Number of protein chains: 2
Amino acid sequence: MRGEALKGHLDGMLLAALAAGPAHGYLVIESLREASGGDFDLPEGTVYPALHRLEQAGLIRSRWARVSGRRRRIYALTAKGRRELDERRGEWRRFAGAMEAVLEVGR
Amino acid sequence: MRGEALKGHLDGMLLAALAAGPAHGYLVIESLREASGGDFDLPEGTVYPALHRLEQAGLIRSRWARVSGRRRRIYALTAKGRRELDERRGEWRRFAGAMEAVLEVGR
DNA sequence: GCGCATACCTCGGAACACTAGGCCAACCCG
DNA sequence: CGGGTTGGCCTAGTGTTCCGAGGTATGCGC
């Protein structure tokens, strides 16, 4: 999967992953890889800055936890984040529909 | 439609538009707007540089034409461009499928 | 002659994803 | 008990990409 493809859709994916329940960064990466059947294997350098951005925007909230000695930052959706996710899902539908139509043009 | 969404998929759209037959930049913009039901309304500052990039990459070819006094640069797909379009369509399928699955995670 | 649509172009900025690094603790294996 | 692997976090810098703003020029209707 060429990386450039997901540009602009990363935030929605992250929000969706967190909608399933609170999780830390590493786990988010894993659950996205699994949910996508291995197609999305996001590098940490992509995910961590994005999570910080989402927190900055008030869409997610974090707290530190210590699990068997290891420190983790657990992220959870805020109410605002949940609304944003709905927004993103709708937008994806429109985008995908338009894209679908456009790709059929020359066929 | 938030603009950022189309990142990474622009080239595929342009190739698809040209797969319907040779066209000049302005017309490409219009046909994409029409095909997408108005969802894609690409600014010229996006499209022209992209077309130049695609030509540079050998995916499209251009020739100048003069139609009722106005000069136009007519673009056409090359064989390589056609193969690339197939590639992109396949990639879109995979990407959209994965995205679909991921967005359902927290539902 | 003026404004509008057609048609091309470029330059700079901002956002974004990723590469490449670095840090530290726990666990497993020989 | 030493070393590698896994888990887990982070940031600085780089390249790409899209877009907004601005510029040029022609033809057409009024």
Side-chain angles (χ1 to χ4, degrees), chain A residues 1-15 17 22-34 36 39-57 59-60 62-75 88 95 98-99, chain B residues 1-15 17 22-34 36 39-57 59-60 62-75 88 91 95 98-99 102:
Chain A
M1 170 81 48
R2 282 173 48 257
E4 312 92 75
L6 60 78
K7 289 188 186 177
H9 305 284
L10 177 60
D11 293 5
M13 299 177 27
L14 296 177
L15 294 175
H24 60 287
Y26 217 76
L27 183 59
V28 166
I29 292 177
E30 272 185 353
S31 69
L32 288 179
R33 179 172 43 229
E34 197 169 336
S36 68
D39 281 338
F40 295 148
D41 192 6
L42 307 180
E44 301 176 21
T46 293
V47 170
Y48 288 117
L51 287 173
H52 299 162
R53 210 173 52 226
L54 292 177
E55 182 163 30
Q56 203 66 26
L59 304 176
I60 61 181
S62 76
R63 59 179 176 83
W64 281 103
R66 182 161 284 273
V67 177
S68 68
R70 290 202 189 80
R71 78 199 229 283
R72 285 179 179 172
R73 191 195 279 259
I74 310 282
Y75 291 95
R88 295 302 184 116
F95 174 71
M99 194 66 191
Chain B
M1 170 83 47
R2 284 175 44 258
E4 313 94 73
L6 62 77
K7 290 186 186 179
H9 305 284
L10 177 60
D11 292 6
M13 300 177 25
L14 296 178
L15 293 174
H24 60 287
Y26 216 75
L27 182 59
V28 166
I29 291 177
E30 273 184 351
S31 69
L32 287 180
R33 180 172 43 232
E34 197 169 334
S36 69
D39 282 336
F40 294 147
D41 193 6
L42 307 180
E44 299 177 23
T46 293
V47 171
Y48 287 117
L51 288 173
H52 298 161
R53 211 174 50 226
L54 292 178
E55 182 162 29
Q56 203 66 28
L59 304 176
I60 61 180
S62 77
R63 62 180 173 81
W64 282 102
R66 183 160 283 273
V67 177
S68 70
R70 289 203 189 79
R71 77 200 230 282
R72 286 179 178 171
R73 190 195 279 259
I74 310 283
Y75 290 96
R88 296 298 185 119
E91 196 170 298
F95 173 71
M99 194 68 190
V102 161

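Model, not experiment: these values are computed from the prediction. In what follows, every chain begins at residue 1, and chains take the letters A, B, ... in the order their sequences are listed.
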Taking only the side-chain heavy atoms of B/Y26 (C-beta and beyond), determine which of C/dC16, C/dA7, D/dC9 contains the nearest atom.
C/dA7
Any side-chain N or O of A/R66 under 4.0 Å from OP1/OP2 of C/dA25?
no
Taken to the nearest whole Å, CE/A/M13 to P/C/dC16 is 15 Å
Residue A/R70, side-chain atoms from C-beta onward, closest of D/dC10, C/dC8, C/dA25:
C/dA25
Closest-nucleotide ordering on DNA chain D, the 5'-leading residue of B/S68 and A/G45
A/G45
Short side-chain N/O contact from B/Y48 to OP1 or OP2 of C/dC9, under 4.0 Å:
no
Between D/dT11, D/dC19, D/dG7, spot the one nearest the side chain of B/P43, thanks.
D/dC19
Nearest listed nucleotide, side chain of A/E44, among C/dT10, D/dT11, D/dC9:
D/dC9
Given C/dC16, is OP1 or OP2 found less than 4.0 Å from the side-chain N or O atoms of A/H9?
no
Report the distance from atom CZ of A/F40 to atom C1' of C/dC18, rounded to the nearest whole Å.
16 Å
Check every atom of D/dC10, D/dC19, C/dC8 against the side chain of B/R72 and return the nucleotide holding the closest atom.
C/dC8
For B/L27 and C/dC8, give me the distance from atom CG to atom C1', rounded to whole Å.
14 Å
Does C/dC9 have OP1 or OP2 under 4.0 Å away from a side-chain N or O of B/R71?
no
Nearest to the B/L10 side chain among D/dC18, D/dC9, C/dA7, which nucleotide is it?
D/dC18
Between C/dC8, D/dT11, D/dC10, spot the one nearest the side chain of B/H24, thanks.
C/dC8
Examine distances only and state if a side-chain atom of A/T46 and a backbone atom of A/L42 form a donor-acceptor pair shorter than 3.5 Å.
no
